[in-house]
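What follows is one structure encoded as structure tokens, with my remarks underneath.
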Amino acid sequence: MALKKFIFVRIIVFFGFFLAVAVSLHAQVIVEDTVSITARVAPENTIIFTGDACPSCQVFLLLSGSIEDSSTSLGNGSFQLSIEDIPAGTYQFGVYAVDLNSVQSGTSSFSVTISQGVIVFVSDILVSPTLQSDYSNVVRGETITLSGYTVPNGDVTIDVDSGDLVIQMSAALDGEFYYQLDTSNLQIGTHSAEAFVKTATDTSGNSRLVEFEVTEESTDEEDEDEDEEEDEEDTCDKADYDDNNKVNIVDFSILIHWYEKSKVPGDIDLNDDDDVDMTDFSILIYCWTG
Amino acid sequence: MMFSKRLFLNLTLISIFSLLAFHGAEAAKLFLEQAGPQEENLGLGENIHLELFFDSREQNINTIQGKIFFSSETVSLERISQENSILSYWVEPPQIKNAGEIVFSGLAPGGFNGPKGLVLSIDFLAQKEGLARIGVGEARVLLNDGKGTELETISSEIKLLVGPRKIGQISDARKPAAAIPDDSTAPETFIPAISQHEELFDGKWFVSFYARDIHYGISHYEIFESRKLIDFEQASEESASWIGAGSPYLLQDQSLQSYVYVKAVDKAGNKRIAMVLPRETNSFSHHYYYMAIFAIIITALLVVFVFVYKNRSKVSKPE
């Protein structure tokens, strides 16, 4: 009887505590990846993000698309970012990393509602890997190297053509991973690759999409040279109209200038359909660095 | 025979409805919800506050475009709010384009993935008896996949019956929204950027800017270029000749010797001014600066020369 009463009281206390925390702090998070969120009462509103990314990478924190904080991840990949004195409200946050080769990871997004007088901790963020290919054009039969950086010893999966080919490997202690892909079995045309990483406790979102073209075999060396010269510019490089290695408000302004106008220049039109519409904006915002 | 035919018909209908239901269940959703008490009947002069939500069905999206249609004879638009929206950058901020039609298109850097993300909220006022239909249409939602792949999205509509004016006081939830919103918060701080691009304004210098307002959105921007540094916290804004502008804005001073002031004004009239420093130093002051340095050097050399000459004269006099 005493034991039942004890259990009943424990349940009521636990439920009451949970309800009190939920009501008083009212910090709600909608996330793409699994993260932990805790909050405690404090004189000033602060939000702190912690997690893991590639070691020695620059990690950026976006608030509604603007960079609010950045830091270099430690040798084990861990990082911490924060914003102080943030007014109560609902905000869209993003976290991404840039590796030693200036390649950007995918952006993990979080929608967080903050009430007055709390410190909110968003922890266990696992930033997606970075991914790049050594060529954007390759003759069928040759190899193309897909490489990137992620958390040390992470289990990396590279999906080629949305899962048509799945490659799995482990990242090195410095977070580097690479795979030499034999293109003999790939169709002629455009292919894409994305990577994600798994740790013992978590799975990341996808890296940025990498596209490459597999072309017909050619015996003419001149043709091959021409193909190499005609390597297509990466979409996100194209979206960086002012070539400052950032896709931000300047590039947004340039694109909006051409929105729904005729005779759009080829280097503005991001999906090459002779038109600037919401699809171009979607591509630009995918490449967003803040 | 008759029985099996009916059975077949029923089974076919059930299959079609199941397929449709399954199909609907998979698609992302843009839907309107009443904030506060749910009512299907409104009295004349009453307000209804609606929120437009998006359910991404576990897909990561970054673009939402659409229209909100409403019966403009029975209800009138009171105000639109972007507060707490999942969209941070608006290509077309929500606004009335034609009678009974609000257009909007916005972007979410980093994407959004969730079951109930607020897109915008709207207040309508019941102005004439009859059926009011308010719905979302022409929705276009794009995935955050680097290609702008379109995500199949279904949208909904709500129906309200506007009846005669209700007897007694209107409840707080149904009181008309203020024409000028109760908002004293200035737009957020923003940083304009000066740049040039060969495909814009013939390669001339322009300024880009985008300010966010957490409540009702930005009403307009104004720009002022000046060779003088002005502290608008002290000086009157009226002293400057502000020009209404949009981003990107072609700079008048292409020599980049001016301070560029950008003023963002929200729908409640709150203002935030951001400033960009001149890139090039004013040529006159630049010239004057070097002239002054040159004059100081010459004077110093003359002083040294006179000093040395006098000392030599003193040394040579005893002989």
Side-chain angles (χ1 to χ4, degrees), chain A residues 30-33 62-66 87 89-96 106-111 113 192 194 205-206 208-211 235-236 241-242 244 248-259 264-265 267-268 270-271 277-290, chain B residues 56 58-65 83-89 91-92 105-118 140-150 185 188-201 206-210 212 214-215 246-249:
Chain A
I30 301 165
V31 291
E32 184 185 341
D33 311 314
L62 298 176
L63 167 60
S64 301
S66 301
T90 300
Y91 298 93
Q92 308 303 315
F93 296 95
V95 176
Y96 70 86
T107 303
S108 303
S109 57
F110 312 90
S111 179
T113 301
S192 63
E194 282 177 304
N206 282 334
R208 275 191 170 183
L209 192 78
V210 168
E211 288 193 321
T235 309
C236 287
Y241 297 125
D242 60 344
N244 66 345
N248 57 18
I249 189 61
V250 175
D251 308 291
F252 178 77
S253 287
I254 293 170
L255 191 60
I256 216 160
H257 174 81
W258 287 103
Y259 180 50
V264 179
D267 52 350
I268 299 291
L270 295 177
N271 62 341
D277 59 12
M278 293 310 291
T279 309
D280 299 276
F281 280 101
S282 175
I283 295 168
L284 182 117
I285 221 73
Y286 170 82
C287 301
W288 194 262
T289 61
Chain B
S56 72
E58 297 183 356
Q59 299 284 327
N60 190 15
I61 64 99
N62 67 14
T63 304
I64 302 178
Q65 181 178 35
E83 191 171 353
N84 296 334
S85 174
I86 56 170
L87 303 177
S88 305
Y89 287 88
V91 177
E92 286 177 285
S105 52
L107 309 164
F112 169 79
N113 182 355
K116 201 176 179 186
L118 181 67
R140 195 161 176 245
V141 177
L142 307 179
L143 292 175
N144 189 35
D145 63 354
K147 296 174 184 172
T149 307
E150 192 159 348
T185 310
E188 291 173 20
T189 52
F190 63 105
I191 305 169
I194 290 175
S195 31
Q196 62 180 160
H197 189 269
E198 56 187 2
E199 300 295 357
L200 205 65
F201 306 127
F206 63 90
V207 60
S208 305
F209 45 87
Y210 191 95
R212 269 187 299 274
I214 60 167
H215 293 299
S247 180
Y249 172 81

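Everything numeric in this text was worked out from a predicted model, so none of it was measured. Throughout, protein chains are lettered first and strands after them, A, B, ... in sequence-line order, and every chain is numbered starting at 1.
In this structure, no portion of A/Phe93 lies under 4.5 Å from any heavy atom of chain B. Contacts of B/Ser85 with chain A are made by backbone atoms alone, with heavy-atom separations under 4.5 Å and no side-chain atom involved. With a threshold of 4.5 angstrom between heavy atoms, B/Leu118 does not approach chain A through any atom at all. Neither the backbone nor the side chain of A/Glu194 comes within less than 4.5 Å of any heavy atom of chain B. Using a 4.5 Å cut-off between heavy atoms, B/Glu198 touches chain A through its side chain atoms alone. Using a 4.5 Å cut-off between heavy atoms, B/Glu199 touches chain A through backbone and side chain atoms alike. Heavy-atom distances place the side chain of B/Thr63, and not its backbone, under 4.5 Å from chain A. Only the side chain of B/Phe206 comes within less than 4.5 Å of a heavy atom in chain A; its backbone stays farther off. Looking at A/Ile249, both its backbone and its side chain come within 4.5 Å of chain B, counting heavy atoms on both sides.
For the residue pair A/Asp242 / B/Ser195, no side-chain donor-acceptor distance below 3.5 Å is found, with atom types taken as modelled. A side-chain donor-acceptor contact under 3.5 Å links A/Thr279 and B/Arg140.
Closest approach of B/Ser247 to A/Ile256, counting heavy atoms only: O-CG2, 3.5 Å.
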